[in-house]
Each structure stands twice: as C-alpha cells, then as structure tokens.
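Per chain, numbering begins at 1; letters A, B, ... match sequence-line order. Hydrogens, waters and symmetry mates play no part in the numbers below; they use all other heavy atoms, side chains included.
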Amino acid sequence: MTVRVRFSPAPTGYLHVGGARAALFNWLYARNRGGTFILRIEDTDADRSRPELIEAIRESLQWLGVDWDEEYRQSDRFDRYVEVVEGFVDAGLAYRCDCSQDGVKARVAEGAGYDGHCRDRNVQPGEGVVVRFRTPETGVTGWDDLVRGRVEFDNALIEDFVLIRSSGVPMFHVANAYDDLDMRVTHVVRGEDLVNTTPRVLLLRQAMGADDQPIYAHLPLIVNEQRKKLSKRRDDVSVGDYATRGYLPEAMRNYLLTLGWGPKDDVEIRPIEELIELFDLADINKAPAFFDIKKLDHFNGEYIRMLDLETFIEQSRPFAGDVDPALYALLAPWVQERIKHYDEVPQLIEWVVGPPPEPIEKDWRKVMTKDRVRDVLDLVIERLEPAEWTAESLAAIVLGVGDELEVKSQLPVRMAVTGRRSGLPLFEPMAELDRSEVMRRLKEARGRL
RNA sequence: GCCCCCAUCGUUCAGCGGCCUAGGACGCCUGCCUUUCACGCAGGUAACACGGGUUCAAAUCCCGUUGGGGGUGCCA
C-alpha cells in the first residue's frame, strides 16, 4: 500500500506552529514511506476563508522545506460534495431541515445538539433550509488511533449535523470525508482538537459506500505556558514571524519535531534525512507539549553556528542594517557565535557601525564605580593619542595600563567605547573606528565620572 | 452539563514488567578556558501526581481519586 497523507489547512489565518507541526509530521511520514504528501486547502467556508492567505500558507511551508506532491482546493470541488449529499437525501440517509438556529436553541436543553425535529417532516428545498445527516441512533463509531489506541463514540450522542448550509455550501465534514476517500488518503495525521469530529467523518464515509477507514493518528496539542492550546490571538505562533525574526527553517523544523516525538537514541539536533529515516507515527506521544522558545533559541543558535562563514554572512547581513560589507565580514565570525537569531545582530554591532549607544545605566554603575577607573581612562587617553592604530597596539596599551595599575582595564574602556559591559571582542572593532571617535568617547566617559 | 483525552526533572524526549540507586536535551547553578560577553569543555541541581489492586517483581498492566486539556457551530 502506498502511503498517501495530506495536510489540510483552512485559509483563515497564517500558518501557525501547530499547523506547521501537523504538516511536518505528515510530510515526514510520507517521505519516510516513500509516499505522497498532499496539500489540500479546506476553504469551504467562503465567509472565513481569505484567498490571499493560501499563498502565505504555501510560502511558510516552502520556507520550512515541507514540499508537497499534489495540491487541491475544496472550493473547486463544491459540486461533487453537493451531489453526494443529494444522493444521501434521495437514499434517506439525510434530510432537509428548516429549523432556525434560534428555534433549535430554544427547543433543546443547554449543551444538547439538534433534536431531529425535521427527520420525517419531508421538508422541501427553499430559503433557510439546510441538509442534515440522519445519524444512526444505535451502535458505536470508532477507530484504532495510531497514537491513542481504540477510540469510540456512542452514535446516540452524535446529533444530526448539518451537511449543507442554507447558503447551499457544503460543510467541511462532507468535503473532508469525500476527499479522503476520493484522494485515497491512507493516513490522517492531525491535531487532537479534531478527534470529536472523526466519528462524523467516518459515518459519512460509510454512507458514501466505503468499507474501509483511513488510519488515524491524532497529534497531541502544542500548548502555551498556561497549558492551553496555542491561540493566534494570545500567543506568538505565526511561522512567518519566526522567519522575520531570523530563525532558520532547519532549526524550526528540527525543534518542532521534538514536540511529541523524539529519536530513540536521544540525539535531537541532526540532519533532516536522518530524522526522516527514524520517524514513525507509532512513536508519537499522547501528552500535550509546551512550545518552549528557549529551547527553540538553543536549536537556532546551534544551527547558526553550524553555518559556514559565507553562508552566515549572506543570511545575516539583511538584518545588520546599513553596514560596509568588508566591515561586516570582519565582525561576522564574532557575531555568529553570540546570537541565537538574526534579529540580535544590530544590538551587537551598533557601536561599531554607528554613533555610540547610550550606556546602559546598570552596566555603567557596575563597571565605572570601581577603584582607579579614572586613572585607567586618563592613562589610556594619554597613550592612545599618539598610538599606532592597530588592534594589537590598542590591546597592548589598554592591557598595559591595567597591568601597571593592577586592575582590569578592559572593562572601563569597553564601557566607555561601546556603552555595554559585554559584547564583541573589543580591540579589533575598535581599531576600525577613527581615532578621533574613540578619543571622543573615552573623554566623554571620563567627563561623566 | 455532556462527550473525548492526558499525567516521568521547571520544560521536552527516552523508558513499553526485572538492565531504573530512572537516561539525554533545554533551562538553572559551579568550575575550566578568557583582562568582556559568548562559544567550547567538565561537573551539579531536579521527576515516575495520589490511593488501591495484579505480579515473585510496576515508572511500566488494571481500577479509582486528584489535577490538567480538548470538543460541544449553518468554523475547520
């Protein structure tokens, strides 16, 4: 059996990390089994779908390196869904209903579903009429979930749900069941938030004449610090935003993979080819996983440091602002081992490429209130004035002053020149600045003491 | 309310009846390297929610309790 899996986003928002992971797991499985990965846009709800988001979702997937073999759009297939449902009505598997939503709500107890009011009323097509599925009143619908084991629902508890809206547009259950059947999808891998809709889809599939089920694997949710499902409104979840902030797709992909799954040999950071090789749906966890940006940062830092220098420069330069390429090339190796994502580049190099940043008050107090700081700066100023302007010479002078006075001289000088007490190596970038600029900064700092 | 589900260090993955005095990774702490920070290296901290069973033996199986989550739409 050739594996066929699909990722089916609704274009109602940008691709978020939860969706990205679902896509990734599907893709991984397809690649592991030499199967087919389908991208299916579930845009049956015209009111909510935004066509421009389809492209955004495609771009995010491409960015992640998740490529698909086939692509479909449900809005192109409305006719088929409607036709199937018409067949249901003819066969008595479904019926029309003209109950208003308010009417149903008024009739039915709090929390209960539709009461089957129109089951045998033989309602004809017309304004405000929907088609509902005639759900079996007895029996159970269930499946063997690859991650959760056997899951069963009592049919009596499933209401007669809507198949076609009063607008004539089919609901996603119909499209979903039909497409999985029509596209010969073998495995359905998706978020756990969809478990409850699975019996409906299964019932529909059966009604469509299928005598089999796809194999389901319901992924545990990705949650925030409060252990709640990630929400687009509340949480930082857009994949596109991570790209913008300078995360590497390989790192994101690798990190996402460790949420709900992990290689048995405990080696988490590794090439995608190996991960594909090792991956199996059956090994996925059941418990929800917290999206830990700290760990993502670590992964990203590792991936950044794995880059060869040329690639690093090429990728990080757009984040650096307006910098002379030669100067940036000089700084890049030091930058590379200090950042976790590219948008941290500017703060590291600002003192070299632009006007001196305002000193950080806390750092200033910590460094500049030490003994002999005035003496250090005085001597450094005096000796730098006539000095040879190279990194070696600057280092020799500054450190020499420290030795003489038996204090650490680098810190006050660093503070004066960079405004920070930590950062890039001091002397090489300092030699790139004009002597006059360095002197100005040193004197200004001395004046503030 | 009703339905479904989950439960190992702060986080994440490993563990699928004996190899566990529970392992890896992130975080945190310490030391080394370095007249900054970071990288790197070496250590350390820290968990089987609770209660009953089953078994010669349970983190691993069963039941319950507690805690947490998801769903409950003419959204997907």
> Can you check the A/Glu428 CD to B/C37 P distance for me, whole Å?
Replying inline: 16 Å

>> Just the rounded figure in Å: distance from P of B/C26 to CG of A/Asp266.
In response: 12 Å

> Partner of B/C32 by Watson-Crick or G-U wobble geometry, both contacts under 3.5 Å, or none?
Replying inline: B/G40

> Which nucleotide in the list B/C39, B/C6, B/C3 gets nearest to the side chain of A/Leu157?
Replying inline: B/C3

> If you check every side-chain atom of A/Ser409, which of B/A25, B/U35, B/U36 has the closest atom?
Replying inline: B/U35

> Between B/A76 atom P and A/Leu204 atom CG, what is the distance in whole Å?
Replying inline: 13 Å

>> Does this structure show an ion pair linking A/Lys340 with A/Glu344, if we count only N-O contacts that are shorter than 4.0 Å?
In response: no

>> For the P atoms, the ones on B/U12 and on B/G70, what distance do you get once it is rounded to whole angstrom?
In response: 15 Å

> Distance between the C1' atoms of B/A57 and B/G44, in whole angstroms?
Replying inline: 33 Å

>> What's A/Gly260 touching, base or sugar-phosphate or nothing? Going by heavy atoms closer than 4.0 Å.
In response: sugar-phosphate

> Given the P atoms of B/A59 and B/G52, what is the spacing between them in whole Å?
Replying inline: 14 Å

>> Would the base of B/U36 count as contacting A/Arg421 through its side chain, where contact means a donor and an acceptor less than 3.5 Å apart?
In response: no

> C1' atom, B/G18 versus B/U60: distance in rounded Å?
Replying inline: 11 Å

> Rounded to the nearest 0.5 Å, what separation is found between the CD1 atom of A/Ile158 and the CD atom of A/Glu137?
Replying inline: 12.0 Å

> For B/G67, which nucleotide in any strand shown is its Watson-Crick or wobble partner with both distances under 3.5 Å?
Replying inline: B/C6

>> Strictly below 4.0 Å, N to O, side chains only: are A/Arg58 and A/Glu52 in salt-bridge contact?
In response: no

> Quick one, which residues of residues 330-341 of chain A touch RNA chain B with a heavy atom under 4.0 Å?
Replying inline: A/Glu337, A/Arg338

>> Between A/Tyr216 and A/His218 (judged by ring centroids, cut-off 6.0 Å), do the two rings come close enough to count as a pair?
In response: yes

> Between B/U8 and A/Asn285, is there an OP1 or OP2 to side-chain N/O distance shorter than 4.0 Å?
Replying inline: no

> Taking any strand in view, what nucleotide pairs with B/C19 in a Watson-Crick or G-U wobble way, both distances under 3.5 Å?
Replying inline: none

>> Looking at A/Glu42 and A/Arg40, is any side-chain nitrogen of the basic one under 4.0 Å from a carboxylate oxygen of the acidic one?
In response: yes

>> Categorize A/Arg420 for me: base, sugar-phosphate, or nothing, with a 4.0 angstrom heavy-atom threshold over every strand shown.
In response: nothing

> Using atom P of each nucleotide, how far apart are B/A7 and B/C63 to the nearest Å?
Replying inline: 13 Å

> For atom P, what is the distance between B/C62 and B/U54, given to the nearest Å?
Replying inline: 15 Å

> For A/Glu268 and A/Val151, take the nucleotide of RNA chain B holding the closest heavy atom to each; which residue's nucleotide lies nearer the 5' end?
Replying inline: A/Val151

> Between A/Thr198 (side chain) and A/Val195 (backbone), is there a donor-acceptor pair under 3.5 Å?
Replying inline: yes

> A/Gly240 and A/Ser60: which non-hydrogen atoms are nearest, and at how many Å?
Replying inline: N-OG, 4.1 Å

> B/C48 pairs with which nucleotide, Watson-Crick or G-U wobble, both distances below 3.5 Å?
Replying inline: none

> Taking the same atom, C1', in B/G17 and in B/C28, what whole-Å distance lies between them?
Replying inline: 35 Å

> Within 45° of the axis and under 6.0 Å from the centre of the six-membered ring of A/Phe78, does NZ or CZ of A/Arg80 qualify?
Replying inline: no

> Using a cut-off of 4.0 Å on non-hydrogen atoms, how would the nucleic acid contact of A/Pro9 be classed: base, sugar-phosphate, or nothing?
Replying inline: nothing

> Using purine N1 to pyrimidine N3 plus N6-O4 or O6-N4 for Watson-Crick, or N1-O2 and O6-N3 for G-U wobble, both under 3.5 Å, which nucleotide pairs with B/U11?
Replying inline: B/A25

>> Can you classify the ring geometry of A/Tyr178 versus A/Tyr81 as parallel (below 30°), tilted (30 to 60°) or perpendicular (above 60°)?
In response: perpendicular

> Which base, if any, makes a Watson-Crick or G-U wobble pair with B/A58, both distances under 3.5 Å?
Replying inline: none

> In whole angstroms, how far is the C1' atom of B/C4 from the NZ atom of A/Lys286?
Replying inline: 13 Å

> Where along nucleotides 70-75 of chain B does protein come under 4.0 Å, by heavy atom, of base (B) or sugar-phosphate alone (S), with - for untouched nucleotides?
Replying inline: BS-BBS

> Hey, does the Lys NZ or Arg CZ of A/Arg132 hover above the aromatic six-ring of A/Tyr114, less than 6.0 Å from the centre and inside 45° of the axis?
Replying inline: yes

>> In terms of relative ring orientation, are A/Tyr255 and A/Phe299 parallel, tilted or perpendicular, with 30° and 60° separating the classes?
In response: perpendicular

> Taking RNA chain B as the partner, which of residues 134-144 of chain A come within under 4.0 angstrom of it by heavy atom?
Replying inline: none

> So, are A/Asp145 and A/Arg150 salt-bridged, with charged N and O less than 4.0 Å apart?
Replying inline: no

>> Here's a test of your reading of the structure: between A/Gln410 and A/Glu152, which maps to the more 5' nucleotide of RNA chain B?
In response: A/Glu152

> Just to confirm, is there a sub-4.0 Å distance from OP1 or OP2 of B/A25 to any side-chain nitrogen or oxygen of A/Lys294?
Replying inline: no

>> Considering every strand and a 4.0 Å limit on heavy-atom distances, what is the contact class for A/Arg148: base, sugar-phosphate, or nothing?
In response: sugar-phosphate

> Quick one: A/Ile284 CD1 to B/A14 C1', roughly how many Å, whole number?
Replying inline: 16 Å

>> The test is side-chain hydrogen bond (donor to acceptor under 3.5 Å, both in side chains); show your working for A/Arg6 and A/Ser8 and say whether it passes.
In response: CA-CA 6 Å; A/Arg6 43 73 169 186; A/Ser8 322; 3.0 Å; yes

> Within the structure shown, what part of the strands sits under 4.0 Å from A/Glu225 by heavy-atom distance: base, sugar-phosphate, or nothing?
Replying inline: nothing

>> Can you measure A/Leu424 atom CG to B/U36 atom P for me and round it to whole angstrom units?
In response: 14 Å

>> Using atom C1' in both nucleotides, what's the gap between B/C33 and B/C50 to the nearest angstrom?
In response: 48 Å

> What is the distance from CZ of A/Phe153 to P of B/C2, rounded to the nearest Å?
Replying inline: 16 Å

> Rounded to the nearest Å, what distance is computed from the NZ atom of residue A/Lys370 to the P atom of nucleotide B/U36?
Replying inline: 13 Å

>> Is the positively charged end of A/Arg21 above the ring of A/Trp261, judged by distance under 6.0 angstrom from the centroid and angle within 45° of the axis?
In response: no

> With sugar-phosphate meaning primed atoms plus P, OP1 and OP2, does A/Phe299 contact a base, only sugar-phosphate, or nothing at under 4.0 Å between heavy atoms?
Replying inline: nothing

> Between A/Arg48 and A/Asp43, is there a salt bridge with N-O shorter than 4.0 Å?
Replying inline: no

